[in-house]
K.L.:
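So that we are looking at the same thing, I have put the structure below in C-alpha cells.
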Amino acid sequence: MDIQWYPGHMTSARRMMQENLKLIDIVIELLDARVPYSGKNPDIDTLANGKFRLLILNKTDLADPSVTKKWKEYYENKGFRVMLMDSRNRKEAVAVGNVVRDVCKEKIERDRRKGIVGRPIKAMIVGIPNVGKSTFINSFAGKASAKTGNKPGVTKGKQWIRISKDMDLLDTPGILWPKFEDPSVGTRLAWIGSINDDILEKTGLATELLTFLQKYYCNLLSERYKITDGMSSEEALGQIAEVRKCVKKGNEPDIDKAAKCLLDDLRSGKLGRITLEYPEG
C-alpha cells in the first residue's frame with residue numbers, strides 16, 4: 001500500500017519554521033514512541049542543523065516498553081539527548097525544562113560571559129501531525145496554550161508561548177515530508193492516525209496491520225478479539241466484526257466497520273501497548 005500525503009499548508013509551515021530558526025536556541029522534536037523511525041521527519045535534521053537538539057519519545061503509555069528502551073538507546077547512540085514521556089503527565093512535562101537548560105548550558109554560559117543575563121532560551125517544538133505537540137505544550141506550560149485534538153492538522157500556524165521567565169517556546173504545525181520513499185513508512189503513519197483518514201482505504205490498511213500484529217502481538221489479538229493462530233487476515237477481520245458486533249442489514253458482518261474498530265483500538269491503546277517497528281540490528 002503506497003500512501004502519500006503532503007497537503008499544501010505543510011510547504012508553508014516548513015518555510016515558516018526555516019525562517020524562524022535563526023531565533024531558536026534548541027529544537028525539541030516529538031516522536032511517537034510507537035513509530036520512532038517512521039515518525040521522524042528527515043527534513044527536521046536538515047532544518048535544525050547546528051542547533052541544540054532534544055528528542056522526546058511521546059505516547060510511551062501506548063508503546064511496548066521493552067522496545068521503547070531499545071529506541072532510546074538507538075537515538076542516544078546517534079548523539080541525541082532523549083527523553084521518554086506521556087505528555088498528558090504534567091510532572092513528566094515539567095522535567096523537560098531542566099533538560100532544556102542542561103542541553104543549552106553552553107549558550108547560557110556564552111551569554112553570561114558577554115554580560116547578557118536573563119535572556120530567555122528560545123525553543124521550537126516540532127513533529128509530525130498528531131504526535132501530541134499541543135498536549136505536551138499545555139502540560140509543559142501548565143495551562144491551555146494550544147488547541148488539542150486526536151487528528152492531524154489541529155495546529156495551523158506558529159505561536160509563541162511563555163513557559164517560564166527563562167524560556168519561550170515556538171509551537172509549529174505538524175509537518176510530513178513530500179514523499180515517503182519506503183511505502184511502509186506511510187502505512188505505519190496511517191496506522192497511528194498521522195495521515196488524513198479521509199484518503200485511506202481502511203480495510204486494506206487494517207488487513208496489513210493484522211498481518212503485523214499476528215506476527216508480533218498475537219496474544220493481544222487473542223485477548224481482545226479471540227483471534228486464533230492460523231487465521232488469515234481476512235478471517236481475523238471477520239472475527240473482529242463478530243466480537244465487536246459490527247453487522248450490516250441482513251446480519252452480514254460489516255468488515256469496513258470492523259477495520260475502523262481495529263484502527264481505533266490501536267490508536268487509543270485499547271488493544272494494548274504496541275510498537276510498530278524495531279531498531280535496526
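For clarity, every value in this text was computed on a predicted model and none was experimentally measured.
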K.L.:
Counting heavy atoms not belonging to Asp229, are there more than 12 under 6.0 Å from its CG?
P.N.:
no
K.L.:
I need the Lys226 NZ to Glu242 CD distance, nearest 0.5 Å.
P.N.:
10.0 Å
K.L.:
Are Ile199 and Met10 joined in one hydrophobic group, where the rule is that I, L, V, M, F, W and Y side chains link up if heavy atoms are under 4.5 Å apart?
P.N.:
yes
K.L.:
Do Glu106 and Phe52 have side chains that approach each other closer than 4.5 Å (heavy atoms only, starting at C-beta)?
P.N.:
yes
K.L.:
Given side chains that start at C-beta, do those of Pro7 and Trp5 come closer than 4.5 Å, heavy atoms only?
P.N.:
yes
K.L.:
Taking 4.0 angstrom as the limit, do Arg273 and Asp64 come out as a salt bridge?
P.N.:
no
K.L.:
Answer yes or no: is there an ion pair linking Asp168 with Arg162, defined by an N-O contact shorter than 4.0 Å?
P.N.:
yes
K.L.:
Any chance you could lay out the side chain to side chain contact (heavy atoms under 4.5 Å, CB included) test for Leu271 and Leu213, step after step, and finish with the verdict?
P.N.:
CA-CA 10 Å; Leu271 187 52; Leu213 295 175; 3.7 Å; yes
K.L.:
So, using side-chain contact (heavy atoms from CB on, under 4.5 Å) as the criterion, who are the partners of Asp198 when residues are at least two apart?
P.N.:
Asn196
K.L.:
To the closest 0.5 Å, what do you measure between NZ (Lys72) and CG (Leu55)?
P.N.:
11.0 Å
K.L.:
Glu76 and Arg81: side chain to side chain contact (heavy atoms under 4.5 Å, CB included), yes or no, with the steps?
P.N.:
CA-CA 6 Å; Glu76 286 175 340; Arg81 186 71 173 267; over 6 Å; no
K.L.:
Does Ser232 offer a backbone N or O that forms a donor-acceptor pair with the side chain of Glu235 under 3.5 Å?
P.N.:
yes
K.L.:
Identify, with sequence neighbours excluded, every residue that meets ring pair (Phe, Tyr, Trp, His ring centres under 6.0 Å) alongside Trp160.
P.N.:
none
K.L.:
Please find the pair of heavy atoms, one from Gly186 and one from Ile195, that lie closest to each other, and give the distance.
P.N.:
O-CG1, 4.2 Å
K.L.:
Got a second to check how far Ser139's OG is from Asn89's CG, nearest 0.5 Å?
P.N.:
7.5 Å
K.L.:
Ignoring hydrogens, what is the shortest heavy-atom contact between Leu237 and Thr207? Give both atom names and the distance.
P.N.:
CD1-OG1, 3.6 Å
K.L.:
Could you check whether any side-chain N or O of Arg112 sits under 3.5 Å from a backbone N or O of Ile108, counting only pairs where one atom can act as donor and the other as acceptor?
P.N.:
no
K.L.:
Find out whether Ile255 and Ile240 are in side-chain contact, i.e. whether some heavy atom of one side chain is under 4.5 Å from a heavy atom of the other.
P.N.:
no
K.L.:
Could I get the full list of side-chain hydrogen bond (donor to acceptor under 3.5 Å, both in side chains) partners for Arg188, not counting sequence neighbours?
P.N.:
Ser38, Ser184, Glu277
K.L.:
Under the rule for salt bridge (charged side-chain N to carboxylate O under 4.0 Å, His left out), what residues qualify as partners of Asp61, not counting sequence neighbours?
P.N.:
Arg88
K.L.:
If you group Ile, Leu, Val, Met, Phe, Trp and Tyr by side-chain heavy-atom gaps below 4.5 Å, do Leu176 and Val185 land in one group?
P.N.:
yes
K.L.:
In chain order, what residues pass the side-chain hydrogen bond (donor to acceptor under 3.5 Å, both in side chains) check against Arg224, with sequence neighbours excluded?
P.N.:
Asp265
K.L.:
How far apart are the closest heavy atoms of Thr275 and Ala63, and which atoms are they?
P.N.:
OG1-CB, 3.6 Å
K.L.:
To the nearest 0.5 Å, tell me how far Ile137 CD1 sits from Ile163 CD1.
P.N.:
7.0 Å
K.L.:
Provide the closest heavy-atom pair for Ala236 versus Met231 in the form atom of the first, atom of the second, distance.
P.N.:
CA-SD, 4.1 Å
K.L.:
Does Tyr74 have any ring pair (Phe, Tyr, Trp, His ring centres under 6.0 Å) partners at least two apart in sequence or in another chain, and if so, which?
P.N.:
Trp71
K.L.:
Is the backbone N or O of Ser87 less than 3.5 Å from a side-chain atom of Asn58, with the two atoms forming a donor-acceptor pair by type?
P.N.:
yes
K.L.:
In sequence, state the C-alpha distance, the side-chain angles, and the governing distance for Met167 and Ser164, and then conclude on side chain to side chain contact (heavy atoms under 4.5 Å, CB included).
P.N.:
CA-CA 5 Å; Met167 196 174 303; Ser164 60; 3.5 Å; yes
K.L.:
Set out, in order, the CA-CA distance, both residues' side-chain angles and the distance that settles side chain to side chain contact (heavy atoms under 4.5 Å, CB included) for Met124 and Leu169, then state yes or no.
P.N.:
CA-CA 6 Å; Met124 177 186 283; Leu169 184 67; over 6 Å; no
K.L.:
Hydrophobic clustering (ILVMFWY, side-chain heavy atoms < 4.5 Å, transitive) - are Ile192 and Ile3 grouped together?
P.N.:
yes
K.L.:
Go through the structure and list residues passing ring pair (Phe, Tyr, Trp, His ring centres under 6.0 Å) with Tyr278, not counting sequence neighbours.
P.N.:
Tyr216
K.L.:
Can you confirm whether Lys179 sits close enough to Tyr6 that some side-chain heavy atom of one is under 4.5 Å from a side-chain heavy atom of the other?
P.N.:
no
K.L.:
Where do Asn130 and Ser194 come nearest, in terms of heavy atoms and distance?
P.N.:
CB-OG, 4.1 Å
K.L.:
Are Phe80 and Leu31 grouped together when hydrophobic residues (ILVMFWY) are joined by side-chain heavy atoms under 4.5 angstrom apart?
P.N.:
yes
K.L.:
Under a 3.5 Å distance rule, please check whether Thr211 uses its side chain to pair with a backbone N or O of Ser233 as donor and acceptor.
P.N.:
no
K.L.:
Run the salt-bridge test on Asp102 and Lys105 with the 4.0 Å N-O cut-off and return the result as yes or no.
P.N.:
yes
K.L.:
A side-chain contact here means heavy atoms from C-beta on lying under 4.5 Å apart; do Leu276 and Leu266 qualify?
P.N.:
yes
K.L.:
Can you name the residues that form a side-chain hydrogen bond (donor to acceptor under 3.5 Å, both in side chains) with Thr46, not counting sequence neighbours?
P.N.:
none
K.L.:
Listed by chain and number, what are the ring pair (Phe, Tyr, Trp, His ring centres under 6.0 Å) partners of Phe180, not counting sequence neighbours?
P.N.:
Trp177
K.L.:
Could you tell me whether the side chain of Thr187 and the main chain of Pro183 form a donor-acceptor pair under 3.5 Å?
P.N.:
yes
K.L.:
Calculate, to the nearest 0.5 Å, the distance between atoms CD1 and CG belonging to Ile24 and Leu47 respectively.
P.N.:
12.0 Å
K.L.:
Who are the side-chain hydrogen bond (donor to acceptor under 3.5 Å, both in side chains) partners of Asn49, not counting sequence neighbours?
P.N.:
none
K.L.:
Show me the pairs that pass side chain to side chain donor-acceptor pair (under 3.5 Å) and involve residues 17-30, at least two apart or across chains.
P.N.:
Asn20-Lys158, Glu29-Lys40, Glu29-Arg53
K.L.:
Is there a side-chain contact between Gln214 and Ile227, using heavy atoms and a 4.5 Å cut-off?
P.N.:
yes
K.L.:
Quick test of your reading of the model: are Glu109 and Arg113 salt-bridged, counting only N-O distances below 4.0 Å?
P.N.:
yes
K.L.:
Same cluster or not: are Leu57 and Val94 linked, directly or through other Ile, Leu, Val, Met, Phe, Trp or Tyr residues, by side-chain heavy atoms under 4.5 angstrom apart?
P.N.:
no
K.L.:
Hey, does Met83 have a side-chain heavy atom less than 4.5 Å from the side chain of Val96?
P.N.:
yes
K.L.:
Atom CD in Glu73, atom CG in Asn77: separation rounded to 0.5 Å?
P.N.:
7.0 Å
K.L.:
Measure from the side-chain N and O atoms of Lys133 to the backbone N and O of Val126, and report whether any donor-acceptor pair falls under 3.5 Å.
P.N.:
no
K.L.:
Nearest heavy-atom pair of Leu21 and Lys51: which atoms, and what distance?
P.N.:
O-NZ, 2.9 Å
K.L.:
Can you give me every donor-acceptor pair (side chain of residues 256-264, partner residue at least two apart or in another chain, under 3.5 Å) with its distance?
P.N.:
unit_1, atom_1, unit_2, atom_2, d
Asp256, OD1, Thr203, OG1, 2.5
Lys260, NZ, Asp264, OD2, 2.8

K.L.:
Is there side-chain contact between Asp166 and Arg101, with at least one heavy-atom pair below 4.5 Å?
P.N.:
yes
